[in-house]
Structures are given as C-alpha cells and as structure tokens.
Amino acid sequence: MFQAFLSAILLIMSFPKFSLGPLAWVALVPILWRLEQGTSFKHAFVCSYVLGFCFFLTTWEWLRHVTYFGWIALSILYAIYFGVFGILANTFLKRVPRFLLLFVLPSAWVILEWIRTEVPVWGFGWNLLAYSQSSHLAVTNLARWAGAYGVSWFLVLANVGILFLCRFVIRRTKSDLWPALVSLLIVGLVPTLSSRDLAAENGSFEGGNPWRVAIIQGNIPQAEKWDEKNRSFILETHEKLSRLVSFDEKPDL
C-alpha cells in the first residue's frame, strides 16, 4: 500500500496547486512496481483504487464549493477506473512480453481515460494525465496530432520505461534493459522533434501583423462564486472589466 500512497503524492503534486509537471513522468512507477509483485486481483484493485481516490479527492477539492457530497461521491466513483487499471496492469505485467508492454500498458490507461471522459451521462474528463503537462509546450504540442489522450499515452510510456530501467538497475535482468532503452529513446526524441516543430511554426509568423487580445479574469474566490447572493456582483465585475479594457486598450479581440 505504501507504493499506492507514494504514487498518489507524486501524481497530486503534478497538478495544481503544486503544478510540478515533471513528476508525472515517474508518478506511476511505484504502483506499477507493486502491481508486478505477484499481488492478487483483489489487492491490485485495492492498491490502485486507493491511489485513484486520493488523487481525485485532492485534485477535485474545488467541488466542495458546489457540494461536499458530490465531491466525495465522485472521488469514490471515479477511483474505480484506477482500480480497473490496477487489475489490467497486474495481469499484463505478468503475462505480456516486455516490448509489447510498451504499447499495451499506455493503451490500457488511455482507453480507461477515454471511457471516463466520453461515456454519456456520467462522463467527467477532469484531470486527465495529459493536463499535468500544460506548462510544457514541447510535450503538449503532441496534442495537435494525438489529442490529450496521446499525451497521456506518451506519459505512461515514460513511466513504463523508467520501471524497466529500475528493474534492470536493481535486478540486472537483461530482458528489461532493451525495452527501457527503446522507450526512453522515444521519450527523449519526441519532445525534441516537437520543439523543433514549434520553433519552425513560430518563425513562419514573424513579420505578420499581430493582434491585440484582451482576456478578462474576474478573480472571484471559489468560496464566493457559487453563492447566489454574489451573482449580480460577479456579472457586474466582468462587465466593468470588459468595458474598461475595450475603451482603454482597444483590443482586436
């Protein structure tokens, strides 16, 4: 269970309010290590479920301003997806060849993210793994080709590669070395190519006519924005800001 809490801490710190995005590259390594240690389906589900519940309860904390019951209920409900991933990872890590795991484990994670987000009625796509990289343009630029799910897939691939590397360092199993090197090569190469693509695109806009864009942010505290008594005040705040920036700055948009 220690590994589940460790992964939960790393994953939570990858998202706001901490926003330590690089931690997402290793956040799943502890739980994957545990899931490979011959645990039963029940134990694999429970460990991963605890990880998911801690993650959602913390990163969805803002929901308490809407409803405490909904905040806790959604955390309990959506942690099931983490539990299912635990069962799948436990099975795949024992039975699937190493190189194939580089594709299978990230795909299992992304399929569950897609179901969690897209299923009608109860779909809730808040805090996909990809969102932890929002401030890292070289990584998020991958979304133009593969969407947020592609970025999540890439991050899980990095975690699997680091898992294999840790196994090789600790146990000296050669079967882990080559998959680790291949995955880490991909992890290093893709952001590099993405950065070059961004640089080339930015260069193509040089010399054009820039647009002046204004963004309005009312900066209403979470504890106040859901209070019906503040409705008029909130609307007036945004209207005043819009008028102010329109007359003073005269933006194009």
Ring geometry between F82 and F55 (parallel below 30°, tilted from 30 to 60°, perpendicular above 60°): tilted
Side-chain touch I87/L35, heavy atoms, less than 4.5 angstrom: no
From CG (D248) to CZ (R243), nearest 0.5 Å: 12.0 Å
Common cluster, V110/I186, ILVMFWY with side-chain heavy-atom separation under 4.5 Å: yes
T67 side-chain N/O to L63 backbone N/O, donor-acceptor pair under 3.5 Å: no
Test log, rule side chain to side chain contact (heavy atoms under 4.5 Å, CB included), inputs N159 and L105: CA-CA 10 Å; N159 278 269; L105 281 177; over 6 Å; no
Approximate separation, where rounding is to 0.5 Å, of E224 CD and H65 NE2: 10.5 Å
Heavy-atom closest contact (E249 atom, R212 atom, distance): O-NH2, 3.0 Å
Distance (rounded to the nearest 0.5 Å) between E113 CD and S152 OG: 3.5 Å
Test item: N230 side-chain N/O and K225 main-chain N/O as donor-acceptor pair under 3.5 Å: no
N127/W60 under side chain to side chain contact (heavy atoms under 4.5 Å, CB included): CA gap, chis, key distance, verdict: CA-CA 8 Å; N127 283 1; W60 289 354; 4.0 Å; yes
4.5 Å side-chain heavy-atom contact, L128 and R116: yes
Side-chain touch S107/W153, heavy atoms, less than 4.5 angstrom: yes
Cluster link F2 to I12, ILVMFWY, side chain under 4.5 Å: yes
K94 side chain to T91 backbone, donor-acceptor under 3.5 Å: no
W109 ring center near Y81 ring center (under 6.0 Å): no
Donor-acceptor under 3.5 Å (W71 side chain, W62 main chain): no
Heavy-atom side-chain contact between Y49 and V46 under 4.5 Å: no
Student check: side-chain heavy atoms of L163 and L93 closer than 4.5 Å: yes
Sub-4.5 Å side-chain heavy-atom contact between L112 and L88: yes
Inter-residue atom distance L241.CG - E236.CD, 0.5 Å rounding: 12.0 Å
Nearest atoms (heavy-atom pairs only) where E118 meets Y149: OE2-OH, 2.9 Å
Gap between atom CG of L157 and atom CH2 of W25 - 0.5 Å precision: 9.0 Å
Within one Ile-Leu-Val-Met-Phe-Trp-Tyr cluster: L185 and F103, side-chain cutoff 4.5 Å: no
4.5 Å side-chain heavy-atom contact, W33 and I170: yes
Validation row: I220, F233 side chains within 4.5 angstrom (heavy atoms): yes
Distance, nearest 0.5 Å, that separates CD of E36 from CG of N90: 9.5 Å
Stepwise side chain to side chain contact (heavy atoms under 4.5 Å, CB included) test for L102 and F164: CA-CA 10 Å; L102 298 179; F164 291 162; 3.7 Å; yes
Smallest separation among heavy atoms of P30 and L10, with atom names: CG-CD1, 4.3 Å
Same apolar cluster: F124 and Y68, side chain cutoff 4.5 Å: yes
Any donor-acceptor N/O pair, S183 side chain to A180 backbone, under 3.5 Å: yes
Heavy-atom pair with the smallest gap, counting every atom of H136 and P22: NE2-CD, 3.6 Å
Expected output: side-chain S132 to main-chain L129 donor-acceptor under 3.5 Å: yes
Under 3.5 Å: donor-acceptor pair, side chain of T117, backbone of G123: no
Contact summary for A214 and V245, nearest pair of heavy atoms: CB-CG2, 3.5 Å
Common cluster, W145/V139, ILVMFWY with side-chain heavy-atom separation under 4.5 Å: yes
For the student: nearest non-hydrogen atoms of A27 and S7, plus distance: O-OG, 2.6 Å
